[in-house]
Amino acid sequence: MTKVMAASCSFVCCGEEKEADKAVVVRFSNGSVQNADKLDFSMFKNTEESNPRKKTRRILVAESDRLSYVGQNFGVGSMKCNNLCKYYVGVLNKQTMTMEVHEAQLFNMQPVIPGETTDSAKPQDTTQTYREKVDLLIEAFGTNKQKRALSSRRLNQVGSETLQQAVAKAANTVIGEKGLEALQQEVADAESQGDLALHLPPCNANADKREDVYPFDELLSPVEFGALEQGGAKMAALTPEELKKMKDDGRCLSIVKHLENLPTESESRDKTARCAFYLSLLLKLARERNVTRKFGQEEGCPRIIQGKLFKTFTVETFNNGRIQNMVSSSMRVKLAAYCLALLLHMGNMTADLTLLHRDLGITEARMTEVAKSMRLTLVKPARGKGDNIELQDDSRLAALVLPLIKYDHFTERRKRKKMH
């Protein structure tokens with residue numbers, strides 16, 4: 001008996017491959033193909049290469065004289081195994097006895113019969129709305145009362161085409177007068193004003209103590225507060241010259257006010273310094289538009305605090321094929337509310353709205369709306385004497401007083417003219 005030794009071969013890695021370099025492995029759902037050489041294969045890719053979810057989509061078409069097959073790596077007909085594991089195909093070079101290993105993806109080829117899908121996929125009537133379908137049912141099977149109501153509603157209904165033309169004409173007129181950007185800004189302001197209550201910090205209106213109305217742990221958890229130890233030490237170590245420079249630059253005035261009057265007691269002093277460091281990050285974030293992952297690195301922001309800022313005060317947008325974090329107008333309102341709640345804990349439940357709205361870069365009217373939404377009592381300081389009278393008259397304070405005050409939202413109403 002003669003033993004036959006198998007020839008040895010070696011594997012060769014092809015290095016890093018692109019999506020277009022992947023090998024294609026097909027499987028026909030209706031059985032095996034007898035003459036695979038007579039099939040003409042074509043590969044199609046998605047044109048939106050900047051979209052990370054669509055750039056890998058492929059459609060494989062196999063055409064023959066009798067039948068065509070179509071397979072795709074996305075959607076209902078795709079093979080789910082491509083997402084669960086990776087497949088590789090080895091190509092053996094018999095002359096050099098080396099095998100190149102390529103990454104592969106599987107396609108499930110399904111036959112396409114002309115005329116079959118068009119009849120089955122034809123919708124009933126895409127132009128009919130749900131309301132129109134219900135009206136047809138009422139006409140056929142409705143009671144006399146329902147039919148009378150339907151007839152009355154149709155008599156009072158304006159023709160949809162006429163109404164659409166009138167609305168389109170009015171919209172074009174308004175856009176021509178005000179401009180598209182001005183209208184978009186008005187819509188954004190209206191939405192942010194309507195959703196103002198959704199961006200307030202957690203509130204316990206029935207609390208017995210003022211400190212429990214806006215709990216400190218909801219603003220900073222114990223773990224997050226502990227991560228601010230190093231940043232708070234930097235704030236507490238600022239010299240009077242450095243504080244004066246910050247004050248002259250006109251930035252972080254509300255923080256400078258608290259750092260100039262730090263408590264002497266060690267625990268209260270440490271808490272105020274840590275809150276001041278966290279408040280500086282909030283104020284810096286409010287001035288940004290698009291935020292990168294390098295935010296806060298110069299100030300020594302801990303990773304847990306950076307993650308909290310991104311998750312709580314930014315929204316994710318898709319731009320130029322990348323996901324970016326943006327501070328929208330509604331997020332600026334949320335930042336203002338959380339800064340105000342933090343200042344209340346730093347200032348014995350009293351905060352200076354004038355300094356805060358200057359630090360945030362928003363209007364005083366907007367800052368007042370936030371304070372009223374938080375049900376704070378607005379306080380105007382008493383008129384002072386001497387050189388600081390202008391500064392004192394220009395300041396406006398907000399205090400948390402129990403029970404919480406509730407403001408009425410007044411809307412302007414036109415008076416009807418009396419008919420004589």
Side-chain angles (χ1 to χ4, degrees), residues 29 46-48 51 53-54 57 59 68 70 72 74-78 80 110-200 203 205 315-318 328-331 333-334 369 372-373 375 406-420:
S29 60
N46 197 292
T47 57
E48 299 183 20
N51 193 326
R53 298 182 178 178
K54 295 183 180 181
R57 292 184 176 181
I59 296 178
S68 298
V70 177
Q72 57 190 24
F74 63 95
V76 180
S78 62
K80 304 302 180 183
Q110 298 181 355
V112 178
I113 301 175
E116 185 182 28
T117 56
T118 55
D119 295 338
S120 60
K122 184 178 179 180
Q124 294 181 351
D125 192 355
T126 56
T127 60
Q128 284 188 348
T129 62
Y130 176 77
R131 181 75 264 177
E132 293 174 348
K133 293 179 182 179
V134 173
D135 292 344
L136 293 177
L137 291 176
I138 293 176
E139 287 182 351
F141 308 103
T143 61
N144 293 333
K145 184 177 180 180
Q146 291 175 335
K147 291 179 179 180
R148 287 195 300 269
L150 175 61
S151 177
S152 177
R153 179 165 55 83
R154 285 179 174 177
L155 290 175
N156 297 329
Q157 183 179 5
V158 182
S160 60
E161 295 182 358
T162 305
L163 181 60
Q164 290 178 0
Q165 293 176 0
V167 170
K169 184 177 180 180
N172 292 331
T173 303
V174 174
I175 292 174
E177 293 177 355
K178 291 188 175 182
L180 184 59
E181 294 183 359
L183 289 175
Q184 290 177 346
Q185 185 62 35
E186 290 181 3
V187 172
D189 294 340
E191 289 179 352
S192 62
Q193 184 176 4
D195 298 339
L196 184 60
L198 301 177
H199 300 301
L200 299 180
C203 176
V315 291
E316 291 185 349
T317 58
F318 184 77
S328 60
S329 57
S330 60
M331 288 295 104
V333 174
K334 188 174 184 179
E369 290 180 8
K372 288 183 177 180
S373 300
R375 303 177 65 178
K406 188 174 183 181
Y407 295 91
D408 296 328
H409 297 280
F410 296 100
T411 56
E412 184 180 357
R413 296 180 181 178
R414 295 182 179 179
K415 295 183 179 180
R416 294 183 179 179
K417 295 182 178 180
K418 294 182 179 180
M419 302 297 294
H420 297 285

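Residue numbers run from 1 in the order of the sequence given. As the structure is a computational prediction, the values presented were derived from the model and not from experiment.
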Atom pair [atom1]/[atom2] of [X] and [Y] - distance to nearest 0.5 Å:
X: E139; Y: K147; atom1: CD; atom2: NZ; result: 8.5 Å
X: R131; Y: L136; atom1: CZ; atom2: CG; result: 10.5 Å
X: D135; Y: R153; atom1: CG; atom2: CZ; result: 4.5 Å
X: L150; Y: L137; atom1: CG; atom2: CG; result: 11.0 Å

Would you please name every residue forming a side chain to side chain contact (heavy atoms under 4.5 Å, CB included) with S29, sequence neighbours left out? N108, Q110, P111
With sequence neighbours excluded, tell me which residues meet side chain to side chain contact (heavy atoms under 4.5 Å, CB included) with T143. K145, Q146
Looking at residues at least two apart in the chain, or sitting in another chain, which of them share a salt bridge (Lys or Arg N to Asp or Glu O under 4.0 Å) with R148? none
